[in-house]
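Quick note on labels: first sequence line is chain A, next is B, and so on, each numbered from 1. The figures here come from the full heavy-atom set of this structure, side chains too, leaving out hydrogens, waters and symmetry mates. The structure presented is a predicted model; accordingly, all values stated were derived computationally and were not measured.
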Number of protein chains: 2
Amino acid sequence: MPVEWQPVQQSRTHELVLRSIEERVFAGELRAGDRLPPERELAPVLGVSRSALREALRVLETIGVLVAQPGRGPDAGARIVRNPDDALGRLLRLHFALGSYSLHDVLEARVVLERSSFEGAACHAPDEDLDEAEELVAGMAEPGIGVSAFNDLDTRFHVLIARSSGNALTSTLTSAVRESVRPLILRALEAAEDWPATARALNAEHRTLLTLVREGSGPEAADLVEWHIRGLHGTLVEGPTGPTGPTGPTGPTAP
Amino acid sequence: MPVEWQPVQQSRTHELVLRSIEERVFAGELRAGDRLPPERELAPVLGVSRSALREALRVLETIGVLVAQPGRGPDAGARIVRNPDDALGRLLRLHFALGSYSLHDVLEARVVLERSSFEGAACHAPDEDLDEAEELVAGMAEPGIGVSAFNDLDTRFHVLIARSSGNALTSTLTSAVRESVRPLILRALEAAEDWPATARALNAEHRTLLTLVREGSGPEAADLVEWHIRGLHGTLVEGPTGPTGPTGPTGPTAP
DNA sequence: CGGCGCATGTGGTCGGACCACAGAACCGGC
DNA sequence: GCCGGTTCTGTGGTCCGACCACATGCGCCG
């Protein structure tokens with residue numbers, strides 16, 4: 001049994017186009033900032049219809065590798081860009097909603113990633129980022145803050161720390177994972193018995209976290225953020241992210 | 001400065017369609033295994049052309065939440081599925097090739113994720129997975145194994161451990177991150193001065209790792225895999241371009 | 001010389017047509 | 001009555017041609 005069987009190469013046209021463009025990217029011939037030829041030119045060059053080409057471009061667009069602008073001028077047309085965050089966020093959100101990942105899995109991933117984020121931030125977070133984080137924490141400490149606004153600021157706080165850790169990849173992953181459970185956290189906060197007390201408790205943790213990061217206590221910050229996340233997730237319940245509908249994402253799963 | 005400005009909501013038709021379908025997923029109305037109406041029916045219902053609908057479906061397909069099959073019968077049509085791995089892999093590969101992430105970032109992410117994988121595997125990896133891992137390690141120990149085959153087996157080994165750790169999300173992330181640097185590792189192995197010795201050294205680590213996992217020594221396995229990964233990445237060089245050679249799909253079986 | 005409008009080029013959308021494929025239904029022979 | 005092959009039907013996949021919206025840039029006209 002040397003090598004497992006591979007699914008035969010599907011040859012849908014737009015996939016071939018996609019592969020062709022991908023190869024140019026891998027080969028370094030297409031780099032961020034470069035512009036693709038106009039669709040009406042590129043399609044016949046590749047030997048496909050404009051529709052097929054457009055579907056391939058759409059794929060690249062959703063991956064965050066391409067943006068397209070109509071009009072005329074230096075900014076018009078299809079340009080190669082680097083914007084993975086939106087794509088990754090949408091991917092994880094959808095799959096979490098579909099039940100590809102259990103809440104427990106997401107919790108563990110968050111713990112692992114954010115521990116790394118805070119350790120990294122304690123080492124080399126620029127002061128201006130920490131100042132901005134301070135503002136976010138202050139915003140969350142506003143008395144009478146709404147659950148939704150708190151959730152927004154909390155998300156931005158964690159994402160900001162991740163970004164300031166100096167690692168773009170873990171930052172993106174952290175952000176996407178945090179976003180994917182955002183609706184659940186929102187529901188949990190809304191269901192909190194004593195919301196002001198909950199907010200105060202979370203804020204105390206945020207302040208301590210920030211202090212630890214400022215003084216460079218990476219391991220301590222990592223431990224605290226793990227406790228912070230586990231505590232919050234303990235109040236979450238697994239369920240459809242939407243407002244209605246019974247549970248039971250126990251459908252048959254993909255291999 | 002209450003809230004930052006947000007880019008105005010683009011209203012490209014296919015994005016609206018996408019949003020509409022996404023909402024159904026978030027609301028739990030569309031679940032894995034469900035089938036969408038045929039394109040020719042759905043398009044007029046949504047009030048868009050078939051092309052616009054198809055572009056939205058293509059997006060969902062690249063995200064890994066949809067598959068489409070022509071023909072007739074229970075398996076035909078567009079079905080909701082859960083297959084995030086391919087999508088995530090393609091996303092990270094492209095962005096790594098574009099330089100969205102530095103090699104150092106990927107290294108750190110690998111360390112963080114795989115530490116978690118091995119710790120999880122030490123706790124609850126099923127024996128059959130470990131047996132399969134044993135086979136992979138044995139395959140890598142074959143004398144005279146080629147660099148490419150070794151790289152294949154090595155990838156499968158790390159991905160298998162990740163999967164057996166019981167966390168689908170970190171498993172997917174681990175796999176995608178490992179895949180994204182696969183071409184670089186391949187080049188590094190090819191450039192190794194004494195390849196057989198290198199292979200022997202890596203294999204010794206693999207065997208020790210597997211032993212540690214079997215006996216449930218999670219932290220020790222985590223430390224060792226960190227050392228294992230850092231050692232290998234230390235030999236990598238940040239290649240401006242990527243994976244495959246100048247042209248061609250360079251079949252993975254090239255001797 | 002300056003302002004205004006049209007020509008141009010871009011992506012975005014649409015409708016229709018045809019193709020390939022695979023199950024389903026049908027019909028014939030046995 | 002059963003089995004076989006043939007035809008029908010419905011699905012996604014592709015292609016074509018046309019038009020739309022928009023932003024730029026040029027040229028015309030005042």
K.L.:
Would you check, one step at a time, whether the test side-chain contact (heavy atoms from CB on, under 4.5 Å) holds for Leu36(B) with Leu66(B)?
P.N.:
CA-CA 9 Å; Leu36(B) 260 57; Leu66(B) 195 88; 4.1 Å; yes
K.L.:
Look at Arg58(A) and dG12(C) and indicate whether a side-chain polar atom (N or O) is within less than 4.0 Å of OP1 or OP2.
P.N.:
yes
K.L.:
Report the residue (Pro70(B) or Pro74(A)) whose heavy-atom-nearest nucleotide on DNA chain D is the more 5′ of the two.
P.N.:
Pro70(B)
K.L.:
Of Ala76(A) and Ser51(A), whose nearest nucleotide on DNA chain C comes first from the 5' end?
P.N.:
Ala76(A)
K.L.:
Can you tell me if Arg12(A) touches the phosphate of dG13(D), counting only side-chain N or O atoms and a distance under 4.0 Å to OP1 or OP2?
P.N.:
yes
K.L.:
So does Thr13(A) get a side-chain nitrogen or oxygen closer than 4.0 Å to the phosphate oxygens (OP1/OP2) of dT14(D)?
P.N.:
yes
K.L.:
Between atom CD in Glu15(A) and atom P in dT14(D), what is the gap in whole Å?
P.N.:
8 Å
K.L.:
Whole angstrom is fine here: how far is it from CZ in Arg35(B) over to C1' in dG12(D)?
P.N.:
12 Å
K.L.:
Separation of Leu18(B) atom CG from dT13(C) atom P, in whole Å?
P.N.:
12 Å
K.L.:
Does dG16(C) have OP1 or OP2 sitting under 4.0 Å from an N or O in the side chain of Arg50(B)?
P.N.:
no
K.L.:
Rounding to a whole Å, what distance do you find between Arg40(B):CZ and dC19(C):C1'?
P.N.:
11 Å
K.L.:
Under 3.5 Å, is there a donor on one side chain and an acceptor on the other for Asp105(B) and Ser102(B)?
P.N.:
yes
K.L.:
Could you check how far CD of Gln69(B) sits from P of dA22(C), rounded to whole Å?
P.N.:
9 Å
K.L.:
Taking CG from Leu42(B) and P from dT11(D), how many angstroms apart are they, rounded to a whole number?
P.N.:
12 Å
K.L.:
Without decimals, in angstroms, what is the distance between Leu53(B) CG and dT11(D) C1'?
P.N.:
13 Å
K.L.:
Please test Arg12(B) against Glu61(A) for salt bridge (charged side-chain N to carboxylate O under 4.0 Å, His left out), starting from the C-alpha separation and ending with a verdict.
P.N.:
CA-CA 13 Å; Arg12(B) 296 191 291 181; Glu61(A) 211 175 47; 3.0 Å; yes
K.L.:
Please evaluate the base of dT10(C) for a donor-acceptor partner in the side chain of Arg72(A) within a cut-off of under 3.5 Å?
P.N.:
no
K.L.:
Among dG11(C), dG12(D), dG15(C), which nucleotide has an atom closest to any side-chain atom of Ser49(B)?
P.N.:
dG15(C)
K.L.:
Quick check on dG13(D): is either OP1 or OP2 less than 4.0 Å from any side-chain nitrogen or oxygen of His14(A)?
P.N.:
no
K.L.:
Name the residue closer to the 5' end of DNA chain D, choosing between Val48(A) and Gly71(A) according to the nucleotide with the nearest heavy atom.
P.N.:
Val48(A)
K.L.:
Before accepting this row, confirm whether a basic side-chain N of the pair Arg90(A)/Glu22(B) lies closer than 4.0 Å to the acidic partner's carboxylate O.
P.N.:
yes
K.L.:
Does a nitrogen or oxygen in the side chain of Arg54(A) sit under 4.0 Å from OP1 or OP2 of dG12(C)?
P.N.:
yes
K.L.:
Closer than 3.5 angstrom, by distance alone: can the side chain of Arg156(A) be matched with the main-chain N or O of Leu136(A) as a donor-acceptor pair?
P.N.:
no
K.L.:
Check the distance between dT11(D)'s P and Leu66(B)'s CG and give it to me in whole angstrom.
P.N.:
15 Å
